[in-house]
Amino acid sequence: MSMTSKFMSRRAVLGGTLAAAALPLVAQGQDERGPADPEATDVRIRIAFNKLTLTATLFDNPTARDLAAMLPLNLKIEDYSRNEKIVHLPRKLTEEGSSAFGNEQPGDLCYFKPWGNLALFYADYRWDGLIRLGRFDNGFEPLLVRGEYPVRITHLTRALWPEI
């Protein structure tokens, strides 16, 4: 075997070893982003403000369950940034079992972990400090109306979650 062949074989073995070692790290990085399509539930909520109504289907996670247990709520919805409206909740929700997620898209209903607000997205976004609670059922056009309004959030349907 020539010196060049030995060098190439060692390089191939070393490269293969490094690639094999890196694969679990790449897979772990993808897992940390969380599922793109979390499991929806039968729990639907109504968000009403300014004579407009949104409905959302909640996902099955502890934070969404905690929100559902708080309903009904009479609060305030307001514009925040260029892509969302927010609702300040009366208390923080549980963050148990939360993880980063991917596939962010307009129409997501999320929870801001650092501030304890609901975030209702009507344009593209990306932020690691969120928990996705659900998705709006029939679009998000009411969110495009600018301004600050009283908002009422209620159950539309309930699932078999014992805590609500």
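As the structure is a prediction and not an experimental result, all values here were calculated from the model.
- Under the ring pair (Phe, Tyr, Trp, His ring centres under 6.0 Å) criterion, Tyr125 pairs with Phe121, sequence neighbours left out.
- The line from OG1 of Thr63 to CD1 of Ile131 is 3.5 Å long, rounded to the nearest 0.5 Å.
- Arg82 is linked by a salt bridge (charged side-chain N to carboxylate O under 4.0 Å, His left out) to nothing, counting only residues two or more places apart in sequence or in another chain.
- To the nearest 0.5 angstrom, Arg65 atom CZ is 10.0 Å from Glu96 atom CD.
- Looking at Gln105 and Asn103, their side chains come closer than 4.5 Å, going by heavy atoms from C-beta outward.
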*Full working for side-chain contact (heavy atoms from CB on, under 4.5 Å) between Phe136 and Leu143*: CA-CA 11 Å; Phe136 296 112; Leu143 297 177; 3.9 Å; yes

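- Partners of Glu78 by salt bridge (charged side-chain N to carboxylate O under 4.0 Å, His left out), not counting sequence neighbours, listed by chain and number: Lys76.
- Between His155 and Arg44 there is no side-chain heavy-atom pair separated by less than 4.5 Å.
- Taking CG of Leu118 as the start and SG of Cys110 as the end, the distance is 9.5 Å to the nearest 0.5 Å.
- Here CG of Leu67 is found 6.5 Å from CG of Leu89. Values are rounded to the nearest 0.5 Å.
- Nearest heavy-atom pair, Leu58 versus Ala64, reported as atom, atom and distance to 0.1 Å: CD1-O, 3.9 Å.
- Proximity of a side-chain donor or acceptor of Lys92 to a complementary backbone N or O of Pro114 within less than 3.5 Å is detected.
- Closest heavy-atom contact between Glu84 and Ile86: OE1-CG2, 3.5 Å.
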_side-chain contact (heavy atoms from CB on, under 4.5 Å) assessment of Leu120 paired with Ile77_ = CA-CA 9 Å; Leu120 299 82; Ile77 190 168; 4.2 Å; yes

Sequence neighbours excluded and cut-off under 3.5 Å, please list the side-chain donor-acceptor pairs for residues 46-55, or say none.
unit_1: Thr55; atom_1: OG1; unit_2: Asp137; atom_2: OD2; d: 3.0

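- Residues Val87 and Asn117 form no side-chain contact, since every pair of their non-hydrogen atoms from C-beta on lies 4.5 Å or further apart.
- Not one N or O on the side chain of Asp79 forms a donor-acceptor pair closer than 3.5 Å with the backbone of Lys85.
- Partners of Asn138 according to the side chain to side chain donor-acceptor pair (under 3.5 Å) rule, which considers only residues two or more places apart in sequence or in another chain, do not exist here.
- For the atom pair Leu109 CG and Ile45 CD1, the distance stands at 5.5 Å (nearest 0.5 Å).
- For residues 113-124, there are no salt bridge (Lys or Arg N to Asp or Glu O under 4.0 Å) pairs, not counting sequence neighbours.
- Atom CZ of Arg126 is separated from atom CZ of Phe101 by 9.5 Å, given to the nearest 0.5 angstrom.
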*Are Phe112 and Trp127 close enough, and set up right, to give a side-chain contact (heavy atoms from CB on, under 4.5 Å), and what steps lead you there?*
CA-CA 9 Å; Phe112 271 120; Trp127 181 259; 3.8 Å; yes

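- Of the possible polar contacts, one joining the Tyr111 side chain to the Leu93 backbone as a donor-acceptor pair under 3.5 Å is found.
- A donor-acceptor pair is defined here as one N or O able to donate and one able to accept, closer than 3.5 Å; no such pair exists between the side chain of Asp60 and the backbone of Thr41.
- No donor-acceptor distance shorter than 3.5 angstrom exists from the side chain of Arg91 to the backbone of Met70, with no hydrogens or angles considered.
- Nearest heavy-atom pair, Pro72 versus Thr154, reported as atom, atom and distance to 0.1 Å: CB-CG2, 3.8 Å.
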